[in-house]
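This report concerns only the one structure given below.
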Amino acid sequence: QKNGISNGTLYKKTFIEHFEQAPMYVAVFTFVGFAVGTIFGYLRDFMRAWGLEKRNIAAEREQQKDFVPLYQDFENFYTRNLYLRIRDNWNRPICSVPGPQFDLMERVTDDYNWTFRFTGRTIRNVINMGSYNYLGFAETDVNALKTVTIELKKYGTGVCSTRQEMGTLDKHVELEKLVAKFLGVEDAMVFGMGFATNSMNIPALVGKGCLILSDELNHTSLVLGARLSGATIRIFKHNNMQSLEKLLRDAIIHGQPRTHRAWRKIIILVEGIYSMEGSIVRLPEIVSLKNKYKAYLYLDEAHSIGAVGATGRGVVEYFGMSPDDVDVLMGTFTKSFGAAGGYIAGKKGLVDFLRTHSHSAVYATSMCPAVAEQIIRAMKCLMGLDGTTQGLQRVRQLEKNTRYFRRKLHEMGFIIYGNDDSPVVPLLLYMPGKIGAFARRMLEKNIGVVVVGFPATPITESRARFCVSAAHTREMLDTVLNALDELGDFLHLKYSRYSKSSHPELYEE
Amino acid sequence: QEKEELIEEWQPEPLVPPVPKDHPALNYNIVSGPPTHIITVNGKECINFASFNFLGLLNNEKVKSAAQASLKKYGVGTCGPRGFYGTFDVHLELEERLAKFMRTEEAIIYSYGFATIASAIPAYSKRGDIVFVDEAACFAIQKGLQASRSNIKLFKHNDMADLERLLKEQETEDQKNPRKARVTRRFIVVEGLYMNTGDICPLPELIKLKYKYKVRIFLEESLSFGVLGEHGRGITEHFGINIDDIDLISANMENSLASIGGFCCGRSFIIDHQRLSGQGYCFSASLPPLLAAAAIEALNIMEDNPDIFQTLRAKCERIHKALQGISGLKVVGESFSPALHLQLEESCGSRENDVKLLKRVVDYCMNSGIALTQARYLEKEEKCLPPPSIRVVVTVEQTEQELDKAASLLKEAAQSVLN
């Protein structure tokens, strides 16, 4: 179903998201597909156990055969029998910069995906629809990387110390000031790894006696951080404000589960753009709920910083709100800035607290200075501080590419999830057999895509996920779209029941 | 209606408690320029005794040029996790080289040192499994154990008798419930060289206990990789133990290899599991290729010059001897450990005052040209908080005069501050 403008005054522009349900026969066939796979899996396991088929996996040492087995046989059932058949679609090694086109190393398997062998050839100029390169900063242009090269020569690669000991370099201070300026907040702190930013700072902010309300589809790092903190976790339905409000009311009215004491703090964990759905968080509603019920908001902008918003400043700008509305702004530099690491930004008191109490500041190494320089130059470019309008052009190009790509896919009749403005485009495949077929045939046409199935997505909703980049040209997108058109007809992927004409110019006035 | 009243009345705590301005961690040292042998801290040039740059590879020209070449070819970031076009040929090469160097079957790379052991432990040990861990284990191990939700049994630091007692207790438990015992996995997690105390773990006895009680061993070698052993292969080479006896070796590349990231190595049977269930591996972007190239070059240097390990060991012994006998400070750590601690011989009562006293010693040394730092801990989060101490790090780049200078300066500082 489509959601139009809801609560008209809160949203300044139309918020259209699509989560179309597939026709019933698709769900039936998906289950049938999994059932067949499972039956064959049991058959193969039986044959392996009785020695009728060779066992190809590594086995435990002879001396340790009487130890308690390390893995339960059943845990790996799915891995052995279903994942293994289509394993060649993941972990594909590349040997060039992950820009809009890249070179893949050719891999063949002689024994049905148990082992791989490199032939030594590379497949050149494969169109990259899988890397998170939203603004196209993953580039090797000598001019662009000039400052990074200089800093690498000066600083070397490692830091060999933690932030609180001897690891705070002047580069980190410079970067933190720039991040704070970019986002429009008082202060920021950077960390060496995006995943670790979440898992090490959420436990510092909340503890026992606090309540975490987290979205159904939050990323593993948020879930891990919430678990490590020791607070109580309650889950609300994905982007569903009624569910969130109900949880908030219940929490404040009833208090902690057994003692009914009041909660110390309530914190809401959401992401800017959800990477598997392509949906954008309903920020204005959440902020109004948070203000009404006095909760705190932690926004993880891993995919949305740099990718949405008029000048690339993320969902806060996209909705026209001020960064003061969000208590903790978190993001990563891996996706839009072509580097590595994460940051947390907000009020000075918050960041000072994190400098002293974050697990990462005390025990984990700080960011490599050359990587910090890459972020600095990418951010300067985005803010226009390097004297060109290149940053703004990239943001506009990404917006145009996203709109074009999504519109065309809708017209062709595929089921696409997510918001019209999000550069993450999941295309639903549903049936397990089509996952492997889709990815392999796209590779034959020289296009690299990412497919995901269970357990990253619900079992019936396997999908292919495209990441549109500002570096993609119109020709590249057209190549991809033509290939998708052909493949969609061949594999019967065009499930959408909203038929759209693909030649609107024929009937528009 | 009373519901509305409840909602109105409820006041949460502030998101973060205010931090006092003079909190020791807030006024940290800012280093200008690279943290190499001569380091500029807060504007002052000092000799670096605080960064874990054991083999001096931070400023090595060959490592830097390898990183430059990789930068030209691949750019900076990888823009994706390992499963989705984030695997580069440099990653595969680094994994092969590490496996060959450590003489194991396979190795797996993580993009952050802390996340390495914190993702490896929960991949194998789940709810209901039992882990015996040393009291002085570092924070990353503690977080990994917390994430795994297993039963944790702490044994006294380096005390094999205590560990054996715990294992025997577990055995009697098992005999009461043999069905459950057949599916509960058991692990021992130890470090090669402990970061918190500078000691070495008694690995031969552990191996005996392993086969007697059927427990698997996970070894964390962050400090001992590239330091112990004839060729720098770590504690297994130091003791001459067959590397297949250890189930998993985890280390980070941020100390000896002067890069960023970490790796686990062992038999394929064990390591391959992490490729699908190691959280820090599957759900996080991969290591930037320039850092991987730097690590490969650093490995090359380690393989070509095996005598640096001897030099490092000699320097450690020298300073260990020189630092003995300082009034008021005692040296904690093995004589061949490159990361020593200097703790107060008698505490003044409260940890805060101890910390302040040690800070004065550190400041005295910094003003005279030796950069030192206090070992930092999160006081409320650690299971067994070590006493406050000054961290002294030995690297191959320090000359004998500098080592002697540092020792004499510390003596002076202790004299003036503590007496």
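Both backbone and side-chain heavy atoms feed into the values below; hydrogens, waters and symmetry mates do not. Every chain is numbered from 1 and lettered A, B, ... according to where its sequence line falls, protein lines coming before strand lines. Bear in mind the structure is a predicted one, so any value in this text is a computation, not a measurement.
Proximity to chain A involves both the backbone and the side chain of B:Leu71, based on heavy atoms less than 4.5 angstrom apart. There is no contact between B:Ala298 and chain A, counting heavy-atom distances below 4.5 Å. The contact between A:Ser366 and chain B is made entirely by backbone atoms, counting heavy-atom distances below 4.5 Å. Residue contact with chain A, scored on non-hydrogen atoms closer than 4.5 Å, is absent for B:Asp129. Looking at B:Arg267, the atoms closer than 4.5 Å to chain A (heavy atoms on both sides) all sit in the side chain, from C-beta outward. Contacts between B:Ile30 and chain A at a heavy-atom distance below 4.5 Å involve backbone atoms as well as side-chain atoms. If you measure heavy-atom distances from B:Thr78 to chain A, the contacts under 4.5 Å come from the backbone alone. Using a 4.5 Å cut-off between heavy atoms, B:Tyr74 contacts chain A through both its backbone and its side chain. With a 4.5 Å cut-off on non-hydrogen atoms, B:Thr184 touches chain A through its backbone but not through its side chain. Interface residue A:Glu139: only backbone heavy atoms are found under 4.5 Å from chain B. Neither the backbone nor the side chain of B:Glu105 comes within contact range of chain A, judged by heavy atoms closer than 4.5 Å. For chain B, the nearby part of A:Val173 is the side chain; its heavy atoms alone come within less than 4.5 Å. B:Asn60 does not touch chain A: none of its heavy atoms, backbone or side chain, sits under 4.5 Å away. Using a 4.5 Å cut-off between heavy atoms, B:Ile270 contacts chain A through both its backbone and its side chain. Neither the backbone nor the side chain of A:Phe137 comes within contact range of chain B; no heavy atoms are under 4.5 Å apart. Proximity to chain B (any heavy atom under 4.5 Å) is shown, for A:Ala364, by both the backbone and the side chain. With a 4.5 Å cut-off on non-hydrogen atoms, A:Val328 touches chain B through its side chain but not through its backbone. Of the two parts of A:Ser96, only the backbone, made up of N, CA, C and O, holds a non-hydrogen atom closer than 4.5 Å to a non-hydrogen atom of chain B. Of the atoms belonging to B:Val215, it is backbone heavy atoms, and not side-chain ones, that fall under 4.5 Å from chain A. With a 4.5 Å cut-off on non-hydrogen atoms, B:Phe54 does not touch chain A at all. For B:Glu297, no part lies near chain A; criterion is any non-hydrogen pair under 4.5 Å. With a 4.5 angstrom heavy-atom cutoff, A:His219 touches chain B only via side-chain atoms.
Across all non-hydrogen atoms, the minimal contact from B:Ser284 to A:Met193 is OG-CE, 3.0 Å. A:Thr334 approaches B:Ala285 most closely through the heavy-atom pair CG2-CB, 3.1 Å. Taking all atoms of both residues into account, the shortest heavy-atom contact from A:Leu224 to B:Ala147 is CD1-CB, 3.9 Å. Shown here for B:Gly33 and A:Leu169, the closest heavy-atom pair between the two residues is O-CD2, 3.8 Å. Considering all non-hydrogen atoms of both residues, B:Leu372 and A:Met166 come closest at O-CE, 3.7 Å. Between B:Ala67 and A:Thr157, the shortest heavy-atom contact is CB-CG2, 3.7 Å.
Going from atom OG1 of A:Thr140 over to atom NZ of B:Lys73 covers 11.0 Å, rounded to the nearest 0.5 Å. From B:Ser32, atom OG reaches atom CG of A:Asp170 across 5.0 Å, with rounding to the nearest 0.5 Å. Between the OG atom of A:Ser199 and the NZ atom of B:Lys143 there is a distance of 9.5 Å, given to the nearest 0.5 Å.
Between chain A and the options B:Val90, B:Asp245, B:Asp272, heavy-atom pairs under 4.5 Å are most frequent for B:Asp245. The greatest number of non-hydrogen atom pairs below 4.5 Å with chain B, out of A:Asn133, A:Asp141, A:Val148, is found for A:Val148. In terms of heavy-atom pairs under 4.5 angstrom with chain B, the leader among A:Ser336, A:Gly230, A:Gly158, A:Cys160 is A:Cys160. Among A:Pro69, A:Ala138, A:Pro369, the residue with the largest count of heavy-atom pairs under 4.5 Å with chain B is A:Pro69. Your options are A:Val371, A:Asp327, A:Ile266, and the one with the most heavy-atom pairs under 4.5 Å with chain B is A:Ile266. Contact count against chain B (heavy-atom pairs under 4.5 Å) is highest for A:Tyr132 among A:Phe118, A:Phe102, A:Tyr132. Among the candidates B:Phe114, B:Tyr112, B:Tyr377, B:Tyr124, the residue making the largest number of heavy-atom pairs closer than 4.5 Å to chain A is B:Tyr112. Ranked by heavy-atom pairs under 4.5 Å with chain B, the list A:Gly338, A:Gly99, A:Ser161, A:Ala204 is led by A:Gly338. Among B:Thr40, B:Asp247, B:Val393, B:Ile39, the residue making the largest number of heavy-atom pairs under 4.5 Å with chain A is B:Asp247.
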Would you please test B:Phe84 and A:Val452 for side chain to side chain contact (heavy atoms under 4.5 Å, CB included) and show each step? CA-CA 10 Å; B:Phe84 302 151; A:Val452 253; 3.6 Å; yes
(Q) Let's go through A:Met200 and B:Phe139 carefully: what are the C-alpha distance in whole Å and the side-chain angles of both, what is the deciding distance for side chain to side chain contact (heavy atoms under 4.5 Å, CB included) to 0.1 Å, and is it a yes or a no? (A) CA-CA 11 Å; A:Met200 294 204 257; B:Phe139 195 70; over 6 Å; no
inquiry  = Walk me through whether B:Phe269 and A:Tyr71 qualify under ring-ring contact (aromatic ring centres under 6.0 Å, His included).
reply    = CA-CA 10 Å; B:Phe269 174 68; A:Tyr71 315 119; 5.2 Å; yes
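Here A:Phe195 and B:Phe283 keep their ring centres 6.0 angstrom or further from each other.
Side-chain contact between B:Gln374 and A:Glu165: absent, with no pair of heavy atoms (C-beta onward) separated by less than 4.5 Å. Considering only heavy atoms from C-beta on, B:Asn29 stays 4.5 Å or farther from A:Thr168 through its side chain. Between A:Tyr83 and B:Leu276, some side-chain heavy-atom pair lies under the 4.5 Å cut-off. Looking at B:Asp89 and A:Pro93, their side chains never come closer than 4.5 Å, going by heavy atoms from C-beta outward.
At a cut-off of 3.5 Å, with distance as the only test, a side-chain donor of B:Glu382 or A:Tyr363 sits close to an acceptor on the other residue.
Between the B:Gln68 side chain and the A:Thr149 main chain, a donor and an acceptor come within less than 3.5 Å of each other. A donor-acceptor pair is defined here as one N or O able to donate and one able to accept, closer than 3.5 Å; such a pair exists between the side chain of B:Arg185 and the backbone of A:Leu70. The backbone N or O of B:Tyr85 sits nowhere less than 3.5 Å from a side-chain atom of A:Arg92 that would complete a donor-acceptor pair. With hydrogens and angles disregarded, a donor-acceptor distance shorter than 3.5 Å links the side chain of B:Gln146 to the backbone of A:Leu228. The main-chain N or O of A:Val68 is found under 3.5 Å from a side-chain atom of B:Arg216 such that the two form a donor-acceptor pair. The main-chain N or O of A:Ile94 is never found under 3.5 Å from a side-chain atom of B:Thr87 such that the two would form a donor-acceptor pair. Here the side chain of B:Lys64 pairs a donor or acceptor atom with the backbone of A:Lys153 at under 3.5 angstrom.
By the 6.0 Å contact criterion, NZ on A:Lys146 is open, its count of non-hydrogen atoms from other residues, nucleotides or ligands being 12 or less.
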